[in-house]
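To start, the structure itself, in C-alpha cells.
One is the number of the first residue; the rest follow in order along the sequence.
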Amino acid sequence: MDQIKELEKYKSLYDEGAISEEEFRRLKQKLLGLKTDEEKELERQQERAKALAEIERMRAEAAGEKESAESEENEPAQTKERKDPEEQIKEARNEYKKTFDEEKAKEQARLAAIYELEQKKKQEQLAKAQKSAKAVTGFVGNVILWVITVFFGLFAILCVLPSESLSGAIYDLTGFLCFLYAAMACPLLTKKLRENEKLAFLTRHKILWAIGFLFLWGAAIMALPV
C-alpha cells in the first residue's frame with residue numbers, strides 16, 4: 001500500500017512537470033526494487049569488459065602456442081579463431097538484450113496490475129459512497145414527506161371538525177385541500193400507487209397537481225357567497 005502511495009506521488013510530480021521522465025523512471029524502478037538503467041548499463045559494460053579480457057587472453061594463449069611463421073594452410077584456421085570471440089560477444093549482447101526485455105515486460109505487467117488494482121479500489125469506494133449518499137438522501141426525503149403528511153393531515157382534521165370558531169364551507173374546502181396535500185405527500189400511499197399501473201400517473205408531476213388543486217380551491221372560495 002505504501003508503494004502505491006509513493007508511486008502515485010511520483011506520478012503526480014511527473015504530471016505536474018516537477019520531475020523529468022528519466023527521474024520518474026529511476027524513482028519508479030528504485031521503489032519497485034528494480035535495477036536502474038545506469039546499474040544495468042554498468043553491469044553490461046562490466047560483462048563486456050570481462051568478455052573482451054577473456055577473448056584477449058584466449059588470443060594470447062593461441063598466439064603463444066603457435067609459431068610466428070605459419071604456413072598459408074593454417075591462416076584460415078587463425079581467421080576462424082579470431083572470429084569465434086566476436087560471435088561470443090554478439091551472443092552475449094543478444095542474451096543481455098533478451099534479459100533486459102524480459103525485465104521490462106515484467107515491470108510493465110507489475111505496474112499495470114498495480115494500476116488496475118488501484119482503479120478497482122477507487123471504483124468500489126465511489127460506488128459505496130454513492131450508495132451511502134443515496135440511502136441518506138432517501139431517508140431524509142421520507143422524513144420530510146412524513147412531516148408534511150402529518151402537518152396537512154392534522155390541519156385537515158382541524159378544519160373539518162365541528163367547532164364554534166371554525167365552521168362553514170370555506171373551512172370544509174380548506175380541510176379537503178389539506179387532505180389532498182397530505183395524501184400526495186404520504187410516502188406509503190405513493191408507493192402503493194406506483195405499484196398499480198393504472199394509478200401510477202397520479203404520482204407524476206405532483207407539483208403541478210398541487211398547483212392545480214390550489215387554483216381550484218381558490219376558485220371555489222371566490223365562488224362562495226360573501
Side-chain angles (χ1 to χ4, degrees), residues 1-48 92-152 181-211:
M1 191 64 184
D2 294 336
Q3 287 184 346
I4 296 175
K5 292 182 179 179
E6 288 293 326
L7 187 60
E8 286 183 344
K9 182 177 71 175
Y10 296 152
K11 185 66 170 62
S12 300
L13 292 174
Y14 171 68
D15 292 339
E16 294 171 359
I19 60 175
S20 63
E21 183 179 0
E22 183 67 21
E23 291 173 337
F24 171 68
R25 185 168 62 254
R26 286 202 303 270
L27 291 172
K28 179 178 63 178
Q29 290 172 339
K30 183 178 180 181
L31 178 64
L32 297 176
L34 301 175
K35 295 181 179 179
T36 62
D37 295 340
E38 290 82 0
E39 292 175 343
K40 293 177 182 177
E41 183 62 25
L42 181 60
E43 288 183 357
R44 285 196 293 270
Q45 291 178 0
Q46 292 175 350
E47 291 293 334
R48 186 174 183 276
R93 288 178 178 175
N94 293 335
E95 185 66 24
Y96 294 148
K97 185 177 184 300
K98 181 179 178 181
T99 303
F100 176 78
D101 293 339
E102 289 177 353
E103 290 182 358
K104 183 178 179 181
K106 289 179 181 179
E107 179 185 356
Q108 290 176 347
R110 187 183 299 108
L111 291 175
I114 292 173
Y115 178 78
E116 183 179 356
L117 180 63
E118 188 66 19
Q119 291 298 317
K120 183 178 180 181
K121 186 177 295 184
K122 288 182 179 179
Q123 291 177 358
E124 291 177 353
Q125 291 176 351
L126 180 61
K128 186 177 180 180
Q130 290 177 346
K131 184 177 180 181
S132 299
K134 186 176 180 181
V136 172
T137 303
F139 175 77
V140 173
N142 281 334
V143 170
I144 293 174
L145 290 175
W146 277 113
V147 170
I148 294 173
T149 301
V150 172
F151 173 78
F152 280 109
Y181 282 173
M184 291 171 61
C186 180
L188 184 60
L189 181 60
T190 300
K191 182 179 179 181
K192 295 294 183 181
L193 290 176
R194 285 176 178 173
E195 293 174 354
N196 191 323
E197 295 181 359
K198 295 181 179 180
L199 300 177
F201 72 95
L202 295 174
T203 62
R204 304 187 188 101
H205 311 296
K206 287 186 176 182
I207 295 178
L208 296 179
W209 284 103
I211 295 174

Practice task
Taking all heavy atoms of T149 and all of A185, pick out the closest pair and write down the distance.
Solution key: OG1-C, 3.2 Å
When rounded to the nearest 0.5 angstrom, what distance separates [atom1] in [X] from [atom2] in [Y]?
X	Y	atom1	atom2	answer
L145	L189	CG	CG	11.5 Å
K104	F100	NZ	CZ	5.5 Å
K106	R110	NZ	CZ	8.5 Å
E103	E107	CD	CD	9.0 Å
E195	K192	CD	NZ	5.5 Å
K121	E118	NZ	CD	6.0 Å

Handout entry: Residues, nucleotides or ligands: over 12 heavy atoms within 6.0 Å of E116 CD
Key = no
Practice task
Kindly write out the residues that satisfy side chain to side chain contact (heavy atoms under 4.5 Å, CB included) with I144, not counting sequence neighbours, or none if the list is empty.
Solution key: V140, I148
Practice task
Quick one: list whatever passes salt bridge (Lys or Arg N to Asp or Glu O under 4.0 Å) with K97, sequence neighbours left out.
Solution key: D101
